[in-house]
Amino acid sequence: MSPLKNQGTNVMDKQTQHKMSAVFAEQKKLFLSGATQSNAFKKAQLLKLKEAVNHYRTDLRQAMAVDLGRSEEGVDSGEIKPLLNEIDFALTHLDEWTQEQCVPTPSELSHTRSYISREGYGVAYIISPFNYPVYLTGGPLVGAIVGGNTAIIKPSESTPETSKVIEKIVNNTFDPTYAHVFQGAREENEYLLSLPFDLIFFTGSPQVGKIVMAAAAKNLTPVLLELGGKCPAIVLADADLDQAVQELVGAKMFNSGQTCVAPDYIYADKRIKESLVNKLIAALKANYHQAGSNGRIITEQAWSRLENIVATSKGKVLRCGDADKTQRYFSPIVIDDANFDDSSMQGELFGPIFPVLTFEDESEIATNVNTRHPKPLAAYVFTVDPEHGRELIDTIPSGDASINTLMMHASTPWLPFGGVGPSGMGSYHGKYSYEAFTHQKSIRVRKVVKPA
């Protein structure tokens with residue numbers, strides 16, 4: 001996931017600090033009033049958010065074309081549609097999620113009844129990334145709303161045009177005492193992190209996640225961290241290579257590889273590796289040979305980082321398209337015969353580079369995947385035998401996993417989405433967003449019998 005970057009010498013003034021503190025205080029006041037807790041109120045806010053997203057759909061498309069080179073179809077399919085689905089899913093299931101649960105009571109606690117209720121935390125701080133700025137801002141905001149919280153949001157400074165539209169969507173729709181966007185970079189984020197929020201939701205890099213968690217610790221604020229890592233795509237000897245290549249190319253090239261659950265490297269059986277690489281190169285050259293066909297890399301600095309990784313690789317570098325640094329277009333590249341010590345394997349790539357490693361025996365897979373990198377956000381296996389694939393997946397600790405498909409588990413509201421260890425903490429989407437943004441509260445009620 002994307003790190004927060006400080007662009008320029010931005011120095012925050014006292015007036016901005018005062019406004020941030022004032023909005024925080026007013027949001028806390030609103031939460032404590034209980035006004036945000038009813039399902040009727042929550043549904044009304046969800047409908048307002050849905051209307052605003054639809055209203056600014058054209059603006060979002062135009063902004064993301066500038067910031068990330070995304071097509072209208074890419075914005076609709078990768079940002080707007082999944083967010084609207086998340087809103088509709090919450091509207092449908094909110095009454096079910098918020099039902100208080102009555103549970104058994106031990107016999108020694110006679111004359112009492114036991115309940116489990118859920119209540120919002122309070123004021124949530126949502127820090128969203130550049131790579132999917134709409135969905136990864138709106139998704140957590142849906143969680144904050146259904147949980148009965150208020151929210152302060154800081155979108156990414158690396159997508160300035162999109163962040164302006166996000167600000168319009170939120171600040172023109174909601175009272176600042178309920179939900180509000182503040183723009184800014186490092187100084188603004190540091191000041192906001194110093195406030196005693198009741199919950200912090202951060203999407204970004206593990207490095208910045210540590211900073212967020214350290215800041216939260218000063219106020220004992222709970223955090224949800226959606227981070228990243230090196231997600232392996234393991235291709236077994238019996239895999240359908242055409243299907244595997246179709247999935248690999250579609251997933252890795254969407255948003256120019258800037259997706260936290262994109263396959264970060266391919267780990268293929270030696271017997272089918274050459275055929276896999278040939279098919280992969282052919283597919284990339286056929287579909288992504290023109291500069292810009294896969295969108296922009298977020299900054300020139302990020303573009304140069306990718307180029308340096310390629311330049312220092314010891315593998316066989318195979319360029320499959322055109323590049324243009326001035327437009328931040330990075331060509332798709334296959335690095336054949338890479339190994340775990342290669343420059344392409346030292347951290348999450350976040351770009352359209354395909355390192356291809358090989359194994360000779362399946363017994364090598366879990367050992368290398370588990371020991372060479374921290375637990376990934378997702379692990380993938382391609383095989384015609386799903387049961388065998390499941391056996392392999394179960395040997396690789398990861399946030400999530402898929403067999404014969406890539407990435408789309410991150411867009412269904414029926415599944416919890418999140419990492420483990422360095423790839424994240426906590427999960428959300430659908431019911432799991434409601435649970436992530438609420439505290440599970442035990443309640444015991446003793447019946448009092450008054451004397452006659």
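Only a predicted model underlies this, so the values are computations on that prediction, with no experimental measurement involved.
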> Is the closest side-chain donor-acceptor distance between Ser114 and Thr105 under 3.5 Å?
Replying inline: yes

> How long is the span from the CD atom in Glu72 to the CG atom in Leu60, to the nearest 0.5 Å?
Replying inline: 11.5 Å

> Is the distance between the ring centroids of Phe201 and Phe437 less than 6.0 Å?
Replying inline: yes

> Which one of Val223, Thr438, Leu224 satisfies the side chain to side chain contact (heavy atoms under 4.5 Å, CB included) criterion with Leu199?
Replying inline: Leu224

Side-chain atoms of residues 233-243: list all donor-acceptor pairs with protein atoms under 3.5 Å, sequence neighbours left out, distances to 0.1 Å.
residue	atom	partner	partner atom	Å
Asp238	OD1	Thr383	OG1	2.9
Asp238	OD2	Thr383	OG1	3.0
Asp240	OD1	Asp242	N	3.2
Asp240	OD1	Gln243	N	3.1
Asp242	OD1	Lys279	NZ	2.9
Gln243	NE2	Asn404	O	2.7

>> Heavy-atom count check: over 12 atoms from other residues, nucleotides or ligands less than 6.0 Å from Glu73 CD?
In response: no

> Using 4.0 Å as the upper bound for N to carboxylate O, is an ion pair formed by Arg118 and Glu100?
Replying inline: no

>> Under the ring pair (Phe, Tyr, Trp, His ring centres under 6.0 Å) definition, can you give me all pairs with a residue in residues 170-196, not counting sequence neighbours?
In response: Phe41-Tyr178, Phe174-Tyr178, His180-Phe182

>> I'd like to check Arg372 versus Met345 (side-chain heavy atoms, cut-off strictly below 4.5 Å). Are they in contact?
In response: no

> Charged N to carboxylate O below 4.0 Å: is that the case for Arg390 and Glu387?
Replying inline: no

> For Thr203 and Tyr132, does a side-chain donor sit closer than 3.5 Å to a side-chain acceptor?
Replying inline: no

>> Any donor-acceptor pair under 3.5 Å linking the side-chain atoms of Gln183 with those of Glu167?
In response: yes

> Are the side chains of Val75 and Ile80 in touch, meaning some heavy atoms are under 4.5 Å apart?
Replying inline: yes

>> Here's a test for you: under side chain to side chain contact (heavy atoms under 4.5 Å, CB included), which of Val249, Asn255, Ile297 qualifies with Pro352?
In response: Ile297

>> I'd like to know if the side chain of Asp400 pairs up with that of Tyr380 as donor and acceptor (distance under 3.5 Å, no hydrogens or angles considered).
In response: no

> In terms of ring plane angle, is the pair Phe350 and Phe130 parallel, tilted or perpendicular, where the classes change at 30° and 60°?
Replying inline: perpendicular

> Should Lys164 and Asp59 count as an ion pair when the cut-off is N to O under 4.0 Å?
Replying inline: no

>> If you apply the rule salt bridge (Lys or Arg N to Asp or Glu O under 4.0 Å), what do you find for Glu119 with Lys441, and how did you get there?
In response: CA-CA 7 Å; Glu119 62 182 12; Lys441 187 174 184 178; 3.1 Å; yes

>> Using ring centroids (six-membered ring only for Trp), state whether Tyr434 and Tyr428 fall under 6.0 Å.
In response: no

